[in-house]
Amino acid sequence: MNYQTASFLIALVWTISLLIAIPSAYFATESVLFIVKSQEKIFCGQIWPVDQQIYYKSYFLFIFGIEFVGPVLTMTLCYARISRELWFKAVPGFQTEQIRKRLRCRRKTVLVLMCILTAYVLCWAPFYGFAIVRDFFPTVFVKEKHYLSAFYIVECIAMSNSMINTMCFVTVKNNTMKYFKKIMLLRWRSTYSSSKCSAELDLKSSGVPVTEEVDCIRLK
């Protein structure tokens with residue numbers, strides 16, 4: 001892939017993403033969800049007109065398809081094929097230590113892929129499940145006073161997917177943890193050495209006046 005093709009694809013992805021997000025940005029607003037003890041509870045979300053609810057539900061199903069169902073199906077098919085090639089395909093030749101190490105690296109790659117797919121489903125399924133119940137079965141949440149807290153909890157779980165993906169790559173695939181431990185060990189050693197040197201200097205500096213005072217007493 002050359003530079004022009006890559007630039008075109010990046011621009012195309014950003015353009016499509018912005019176009020898809022326009023309805024959400026247009027109908028997003030602040031509203032008072034409920035009032036308890038003269039305290040206004042402000043909720044920021046999409047407020048569509050009543051006569052456009054069918055468009056909102058169609059738009060939500062479209063977003064649900066391209067953001068959750070489509071990626072899950074695509075990742076499942078691709079990762080299953082990749083896992084079959086990496087995990088079950090035997091390496092020809094004599095099983096030396098280098099070949100065994102290569103096989104272990106392959107299986108770590110498969111574990112990373114499975115962790116990414118599982119984390120994506122577990123993090124985003126509650127969010128979309130909550131949204132489906134809220135939009136298509138609104139009577140479920142009519143008398144639920146903890147509705148807003150539940151929404152923020154499932155949204156927080158969904159947003160944590162990026163952090164979980166990073167942790168999967170760091171702890172399983174790469175040597176980042178090994179280098180991180182080395183850095184922390186070197187930092188601890190440098191801190192310990194500097195503190196030890198400062199303690200020795202304090203002892204030496206505190207010992208000089210005492211010697212001088214003893215000498216003065218002897219002279220007297």
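Side-chain heavy atoms closer than 4.5 Å link hydrophobic residues (I, L, V, M, F, W, Y) into clusters, and following such links, even through other members, never connects I47 to I63. Residues L122 and F127 fall into different hydrophobic clusters, defined by Ile, Leu, Val, Met, Phe, Trp and Tyr side chains chained together at heavy-atom separations under 4.5 Å. Put simply, I164 and I157 are part of two different groups of oily side chains (I, L, V, M, F, W, Y) that touch within less than 4.5 Å, one to the next. The same ILVMFWY cluster, assembled from side-chain heavy atoms under 4.5 Å apart, contains both Y55 and Y26. Put simply, I153 and V121 are part of two different groups of oily side chains (I, L, V, M, F, W, Y) that touch within less than 4.5 Å, one to the next.
Atom CD of Q53 and atom OG of S58 lie 10.5 Å apart (nearest 0.5 Å). The OG atom of S160 sits 9.5 Å away from the CG atom of N165 when rounded to the nearest 0.5 Å. If you take OG1 on T118 and CE on M75, they are separated by 9.5 Å, rounding to the nearest 0.5 Å. Atom CG of L111 sits about 11.0 Å away from atom CD1 of I116, to the nearest 0.5 Å. M114 CE to T76 OG1: the interatomic distance, rounded to the nearest 0.5 Å, is 8.0 Å.
Side-chain contact between E67 and W124 is absent, with no heavy atoms from C-beta onward closer than 4.5 Å. Residues V72 and Y120 form a side-chain contact, since some pair of their non-hydrogen atoms from C-beta on lies under 4.5 Å apart. Contact check for L18 versus I22: no side-chain heavy atoms found under the 4.5 Å cut-off. Residues P23 and Y56 fail the side-chain proximity criterion, which asks for heavy atoms closer than 4.5 Å. A 4.5 Å side-chain heavy-atom check between I20 and I66 finds at least one atom pair inside the cut-off. Counting only heavy atoms from C-beta outward, the side chains of L61 and F136 approach each other to under 4.5 Å.
Across every non-hydrogen atom of F60 and I132, the tightest pair is CE2-CG1, 3.5 Å.
Note: F64 and F68 have parallel aromatic rings, judged against thresholds of 30 and 60 degrees for the angle between ring planes. Ring geometry, W48 versus F27: the interplanar angle falls under 30°, so the pair is classed parallel (tilted spans 30 to 60°).
The local environment of OH in Y152 is crowded, with over 12 non-hydrogen atoms from other residues, nucleotides or ligands closer than 6.0 Å.
No donor-acceptor pair closer than 3.5 Å links the side chain of T74 to the backbone N or O of P71.
Counting only residues at least two apart or on different chains, the side-chain hydrogen bond (donor to acceptor under 3.5 Å, both in side chains) pairs with a member in residues 11-25 are S24-Q46, S24-Y59.
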